[in-house]
Amino acid sequence: MNRDMIQARKDLLAGREPEQNLPRYLRGLAGCYYRMANYNLAMNYTAFTEAVKEGGINITDRQKPHEALVKELLESLLSAPGESQSSEETLRKLNDMRRKITADMQVLTAYTDKLYLYEYVLRRLAPSMEDTVEEIDSYAALEELMSYLVSDGEQEPLLETLSVIVSELPVRMTKGKFMEWVRGTASVYKDSDAESLNRTFYMLYSAAGLYEPEGMEEFSEYAGALRYFSSLDYRNITQEQYYDAKAKLETVTESIASITEAYFSLMEFGNALMMLFLTAPYVAPEDLKEAESCIDVLRLLMREEPYTEEEIVKAFEPLEGAPEALEEFLFKEETYLEELPVSEELISAMMQKVLHTRVTYAKRMHTTSLFIELEEENPQEGGFEEILEKFCTQLSEVLEHGQRAVNRARMAKVIRNLPLPFTKKTEVQKYILAALENCHDMSEKTAALREIRESAEEMR
């Protein structure tokens with residue numbers, strides 16, 4: 001099938017007989033996505049089953065309807081493999097599941113971003129509370145930090161290290177100076193397209209802990225945790241309060257991590273099933289034959305009698321190397337889909353619109369981005385200046401009423417997500433030295449250097 005599909009694509013690119021070659025090409029691509037969906041289901045559902053069995057993944061009550069839908073569709077697939085099961089109702093259910101999971105993940109990500117600010121504060125307090133404060137000489141620290149910026153010719157690692165250093169150093173700017181920094185460095189995005197602007201400012205809102213998607217109130221335990229952390233007086237915090245806050249933060253973050261891990265698995269299943277049911281009506285017999293081994297794996301996983309390790313290993317033997325080979329083939333082939341010299345009008349006239357749309361959607365499902373939407377997102381309205389001013393107004397307001405320690409955490413996270421304003425080595429040195437010299441809290445200075453050392457070591 002791949003040979004026939006490749007020949008059809010070559011003929012299309014050469015402008016030969018599109019009426020015959022477009023359906024051949026699209027059906028061949030649909031068959032590839034169908035097989036890839038089956039491979040993904042077999043591999044991911046095996047990993048999920050093992051993780052659940054070992055207690056690594058726990059499905060919450062909120063997630064159980066999604067898990068039930070996945071099992072229902074898998075059972076349907078096993079009962080009649082190869083039959084057309086891609087009804088609009090099935091696709092609607094899957095799309096609805098993906099939308100709900102995405103909405104919950106946006107909420108959980110927002111809570112994670114907000115909790116990070118308090119984690120930052122607690123890390124800065126740690127040396128004094130845990131009696132591990134070091135005496136930091138600013139000039140010696142400057143020399144050490146500049147040594148991390150010695151490049152071996154690769155520019156990206158140097159810039160990444162510099163970004164880490166600047167964002168982890170004690171923030172000692174007035175609110176006015178900081179807002180000037182934000183406006184100045186963000187100006188590099190002024191000529192970006194709407195999609196890029198949308199993505200950039202989403203990152204900035206998240207970094208600042210300002211992103212508030214709908215549904216935050218539905219996770220009341222995390223809302224309560226935020227109220228607890230915001231109520232602490234970090235300037236006068238006691239050692240007992242510090243350790244209580246540290247323990248509570250660890251519990252909350254572990255809870256969020258557990259829930260998100262389960263959502264990642266459920267979204268993997270949703271994407272694979274969506275890809276499968278989009279393409280099922282168009283697959284050729286040889287594609288169905290290729291998918292039989294995947295069906296055998298799924299049947300083994302879903303039977304009532306527990307499977308053995310030997311059984312699952314044997315079931316995967318026919319798949320060895322096949323997913324990787326197909327992945328490589330699709331990676332190369334997908335670049336041609338958007339380049340085909342076939343107009344929308346011709347596709348419609350040839351009555352290939354539905355197939356073309358389904359293959360295009362399957363292509364979007366076949367991505368490393370689990371939470372990608374079938375349709376392009378609508379960007380924020382307004383030009384760069386309007387979007388920037390809206391962000392700066394909200395950021396300025398929250399800094400006006402926030403505790404100093406939390407404000408510094410917020411500033412540091414925003415700085416980490418903006419371009420750096422330095423053009424010379426001397427400017428970098430001046431900034432580092434000023435940040436160190438103007439910080440008289442040796443606990444914060446100690447914590448900052450430890451974070452930078454750890455990050456620099458990881459990037460080596």
Side-chain angles (χ1 to χ4, degrees), residues 36-37 39-74 93-120 202-203 206-207 209 211 213-226 229 246-276 297-298 301-302 306-307 309 312 316 323 327 365-373 413 458:
M36 196 74 247
Y39 292 144
N40 288 341
L41 279 173
M43 294 185 293
N44 293 334
Y45 204 72
T46 300
F48 174 79
T49 302
E50 292 290 332
V52 170
K53 187 165 60 175
E54 295 170 4
I57 291 181
N58 296 303
I59 299 295
T60 65
D61 289 342
R62 191 179 182 90
Q63 295 168 330
K64 284 180 179 177
H66 305 318
E67 183 189 30
L69 176 61
V70 169
K71 288 184 176 179
E72 173 192 329
L73 295 178
L74 287 177
K93 287 180 179 179
L94 280 169
N95 202 39
D96 188 52
M97 182 187 92
R98 293 185 72 255
R99 192 163 48 246
K100 288 178 180 177
I101 291 175
T102 299
D104 279 0
M105 282 298 297
Q106 288 173 340
V107 169
L108 293 170
T109 300
Y111 274 118
T112 300
D113 290 329
K114 292 173 185 293
L115 289 166
Y116 172 84
L117 303 177
Y118 298 107
E119 180 187 3
Y120 179 100
Y202 166 76
M203 290 171 58
S206 297
Y211 182 54
E214 292 182 8
M216 297 281 286
E217 69 285 350
E218 295 179 23
F219 292 83
S220 57
E221 66 272 35
Y222 304 137
L226 282 181
F229 288 115
K246 187 178 177 182
K248 189 173 187 65
L249 182 64
E250 184 176 345
T251 299
V252 172
T253 53
E254 285 180 356
S255 172
I256 292 177
S258 176
I259 293 174
T260 55
E261 185 176 359
Y263 271 138
F264 282 136
S265 292
L266 291 169
M267 199 64 163
E268 285 177 335
F269 306 145
N271 287 354
L273 287 165
M274 180 75 80
M275 195 192 312
L276 187 150
V297 171
L298 292 171
L301 296 173
M302 298 191 69
Y307 61 86
E309 185 176 347
I312 199 69
F316 266 100
E327 186 75 48
M365 292 292 97
H366 180 239
T367 175
T368 55
S369 177
L370 281 180
F371 300 92
I372 194 166
E373 293 294 332
K413 192 75 184 294
E458 290 175 354

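By the 4.5 Å heavy-atom criterion applied to side chains, I59 and H66 are not counted as neighbours. Contact annotation: the side chain of E373 approaches that of T102 to within less than 4.5 Å [non-hydrogen atoms, C-beta and beyond]. The side-chain heavy atoms of T109 and Q106, taken from C-beta on, include no pair separated by under 4.5 Å. The shortest distance between side-chain heavy atoms of I312 and L301 falls below 4.5 Å. Between K413 and Y120 the shortest side-chain heavy-atom distance does not fall below 4.5 Å. By the 4.5 Å heavy-atom criterion applied to side chains, I101 and F371 are counted as neighbours. Side-chain contact between D113 and Y211: absent, with no pair of heavy atoms (C-beta onward) separated by less than 4.5 Å.
With rounding to the nearest 0.5 Å, the separation of CE in M97 from CG in N95 is 10.0 Å. The structure places CG of L276 at 11.5 Å from CE of M274, a figure rounded to the nearest 0.5 Å. Summarising the geometry, atom CG belonging to L94 is positioned 12.0 Å from atom CE belonging to M275; distances are rounded to the nearest 0.5 Å. The structure places CZ of R62 at 4.0 Å from CZ of F219, a figure rounded to the nearest 0.5 Å. Atom OG1 of T253 and atom OH of Y116 lie 13.5 Å apart (nearest 0.5 Å).
The residues D61 and K64 are annotated as salt-bridged, a charged nitrogen and a carboxylate oxygen being separated by less than 4.0 angstrom.
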May I have the list of side-chain donor-acceptor pairs in residues 44-53 shorter than 3.5 Å, sequence neighbours left out?
unit_1 : atom_1 : unit_2 : atom_2 : d
N44    : ND2    : N40    : O      : 3.2
T46    : OG1    : A42    : O      : 2.6
T49    : OG1    : Y45    : O      : 2.7
E50    : OE2    : Y307   : OH     : 2.6

Anything under 3.5 Å between a donor and an acceptor, one on a side chain of residues 255-273, the other on a protein residue two or more places apart or in another chain? List them.
unit_1 : atom_1 : unit_2 : atom_2 : d
S255   : OG     : Y222   : OH     : 2.5
T260   : OG1    : I256   : O      : 3.0
T260   : OG1    : A257   : O      : 2.9
Y263   : OH     : D104   : OD2    : 2.5
N271   : OD1    : R98    : NE     : 2.6
N271   : OD1    : R98    : NH2    : 3.2
N271   : ND2    : L370   : O      : 2.9

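Every residue was checked against the side-chain contact (heavy atoms from CB on, under 4.5 Å) condition with T251, not counting sequence neighbours, and none meets it.
At most 12 heavy atoms of other shown residues, nucleotides or ligands fall within 6.0 angstrom of atom CD in E214.
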So F229 and K114, side chain to side chain contact (heavy atoms under 4.5 Å, CB included) or not? Walk me through it. CA-CA 10 Å; F229 288 115; K114 292 173 185 293; over 6 Å; no

Passes salt bridge (charged side-chain N to carboxylate O under 4.0 Å, His left out), K93 versus D96? Steps please. CA-CA 5 Å; K93 287 180 179 179; D96 188 52; over 6 Å; no

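For Q63 (side chain) and T60 (main-chain N/O), a donor-acceptor pair under 3.5 Å exists by modelled atom type.
Counting all heavy atoms, side chain and backbone alike, P323 lies closest to M36 at O-CE, 3.9 Å. When every heavy atom of M302 is checked against every heavy atom of K71, the shortest pair comes out as CE-O, 3.8 Å. Closest approach of M216 and A110 over heavy atoms only: SD-CB, 3.9 Å.
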